[in-house]
2 protein chains.
Amino acid sequence: MADSHTSPVDPPRGQRADAQRNYERILAVARTVVDEQGTQASLRDIARRAGVGLGTLYRHFPTRDALLEALLRQGFDRLAADADTLAHRRDAGEALTEWLRDLTRGSTAFRGLPASMLATLADAESPLHTSCLAMREAAARLLERAQAVGDIRPDIDGTDLFALINAVGWVSEQAPPLADRRERLFGLVMDALKPSAQVRSGPGVAPSG
Amino acid sequence: MADSHTSPVDPPRGQRADAQRNYERILAVARTVVDEQGTQASLRDIARRAGVGLGTLYRHFPTRDALLEALLRQGFDRLAADADTLAHRRDAGEALTEWLRDLTRGSTAFRGLPASMLATLADAESPLHTSCLAMREAAARLLERAQAVGDIRPDIDGTDLFALINAVGWVSEQAPPLADRRERLFGLVMDALKPSAQVRSGPGVAPSG
DNA sequence: ACCTGAACACCGTTCAAGT
DNA sequence: ACCTGAACACCGTTCAAGT
């Protein structure tokens, strides 16, 4: 696992010095501005505060998602690694819960991020698509073990988990009173995943009789 | 209940004829445009297509939410009335489920609507605030009966339901593959409300031992 | 009393001109 | 190879000038 990382954000090597400096300045400023304004932050504002021309920002990050991906890569890598670690835990259900809690934290790092993440399901060209696919697959791996042990109902997949976690994150950012309920709603959703919750028929279609 | 309704949208009476006509034209066009573009539709576009000046739109609907409220009033009234009817059903749990299903339909009438509705929790000045408060209260009334009968776990309130329903609606509008899961996710959330799902401690805070 | 649209202050995105 | 910022096509919101 000791690969050749030199920087936390992996700015493309072999660039001109000014290009590399701009790349890093933009990324640093973007972290601040996105933290303030959310994923829909003004790109103009980022370029302005980074002291670069607007075209320079677009050259380094052709789309908003490309910029977001650079901001989030570290967190995604960490989450993927944690999933591998947790996959060896004795208690599969607990491992899944813990990882999903981490995913919630990750997906609420910035306001608007749950929306940006779910949008990747419909846009395979987004630079975030691959990372989010990895999250769904990591979720699926932990899920499978928990289901095998009978901790989680079987009619659920990784995309369900990804959607539900982002839904909880989204709700909690819509209004302060809802932010206070984030943990509770997370717990509610986790309860819904247990086999004990699975009444009626399987996938939610209630029998009429 | 036979009040003096003359129009489905209640345009303020006693207006000048041109004002009343503009009000109605704007509302009709807005329904189309919001249907196409969602709640974040261009107000400029609405005014343009309605053939009125931009200032005229603002005069009749000072805020975006004022326009949305006018578009949604009928549906809200209907939902409130349905809640009253369902409150007399024998099966309290079934009554709640049925009403929440209707609420889901209502809150997904337009793309972006779940977000607009939850935002009213933080903005008491929004014209949508009162209507959404009414929805939470209607949910609370049906909920109370279902809880009294033991159909629903007791650690839930009307705001939880309102948040969860809008969360499901929001998720389903984020990407086509998620739209296909709307019913399933709705069922999942409903399952989470049942007492059988309530394990661990009450409000989601897992005991450490 | 109401309507109109220009004016202002913002966007995202592209691209010709520079170094 | 990279940077810059003007240019274009949009926004939401306000408000002076009209009828």
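Just so it is clear: chains get the letters A, B, ... in the order the sequence lines come, proteins before strands, and each one is counted from 1.
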Touch class at under 4.0 angstrom, heavy-atom based, for [X] against every strand present:
X: B:Ala17; result: nothing
X: B:Arg21; result: nothing
X: B:Ser42; result: sugar-phosphate
X: A:Ala47; result: nothing

Grab the [atom1]-[atom2] distance between [X] and [N] for me, whole Å please.
X: B:Arg48; N: D:dG12; atom1: CZ; atom2: C1'; value: 12 Å
X: B:Tyr58; N: C:dG5; atom1: OH; atom2: P; value: 16 Å
X: A:Asp18; N: D:dA1; atom1: CG; atom2: C1'; value: 8 Å
X: B:Arg64; N: D:dG12; atom1: CZ; atom2: C1'; value: 8 Å
X: B:Gln15; N: C:dC3; atom1: CD; atom2: P; value: 8 Å
X: A:Gln40; N: C:dC10; atom1: CD; atom2: P; value: 19 Å
X: B:Tyr23; N: C:dA1; atom1: OH; atom2: C1'; value: 17 Å
X: B:Leu57; N: C:dC2; atom1: CG; atom2: C1'; value: 14 Å

| task | Give the C-alpha distance, both sets of side-chain angles, the deciding distance and a yes or no for side-chain contact (heavy atoms from CB on, under 4.5 Å) between A:Val52 and A:Ile26. | result | CA-CA 8 Å; A:Val52 303; A:Ile26 291 168; 4.0 Å; yes
If you check every side-chain atom of [X], which of [options] has the closest atom?
X: B:Val52; options: C:dT14, C:dT4, C:dC2; result: C:dT4
X: B:Arg44; options: D:dC2, C:dC3, D:dC11; result: D:dC11
X: B:Arg59; options: C:dC3, D:dC3, C:dT4; result: C:dC3

| request: Could you say whether B:Arg16 or A:Arg16 is positioned toward the 5' end of DNA chain D, judged by the nucleotide with the nearest heavy atom to each? | output: A:Arg16
| query | About how many Å separate CD of B:Gln20 and CG of B:Asp18, when rounded to the nearest 0.5 Å? | reply | 10.0 Å
| task | Would you mind telling me which residue lines up with the more 5' stretch of DNA chain C, A:Leu43 or B:Leu54, judged by nearest nucleotide? | result | B:Leu54
| message | Tell me whether the rings of B:Tyr23 and B:His60 are parallel (<30°), tilted (30 to 60°) or perpendicular (>60°). | response | perpendicular
| Polar side chain donor-acceptor pair, A:Arg64 to A:Ser116, under 3.5 angstrom | no
| said: Can a side-chain donor-acceptor contact be found between B:Asp45 and B:Gln37 if the only test is distance below 3.5 angstrom? | reply: yes
Identify every side-chain donor-acceptor pair in residues 127-140 of chain A under 3.5 Å, counting partners at least two apart or on other chains, and give the distances.
unit_1   : atom_1 : unit_2   : atom_2 : d
A:His129 : ND1    : A:Thr120 : O      : 2.8

| query | Does C:dC2 have OP1 or OP2 sitting under 4.0 Å from an N or O in the side chain of B:Asn22? | reply | no
| said: Please determine whether a side-chain nitrogen or oxygen atom of A:His60 lies at a distance below 4.0 Å from atom OP1 or OP2 of D:dC2. | reply: no
| Listed partners of A:Arg59 passing salt bridge (Lys or Arg N to Asp or Glu O under 4.0 Å), at least two apart | none
| Salt bridge flag under 4.0 Å for residues B:Asp82 and B:Arg78 | yes
| request: Any chance you could encode DNA chain C as dot-bracket? Rule is Watson-Crick or G-U wobble with both distances under 3.5 Å; [ ] for pairs crossing earlier ones, | for another strand. | output: ||.|||||...|||||.||
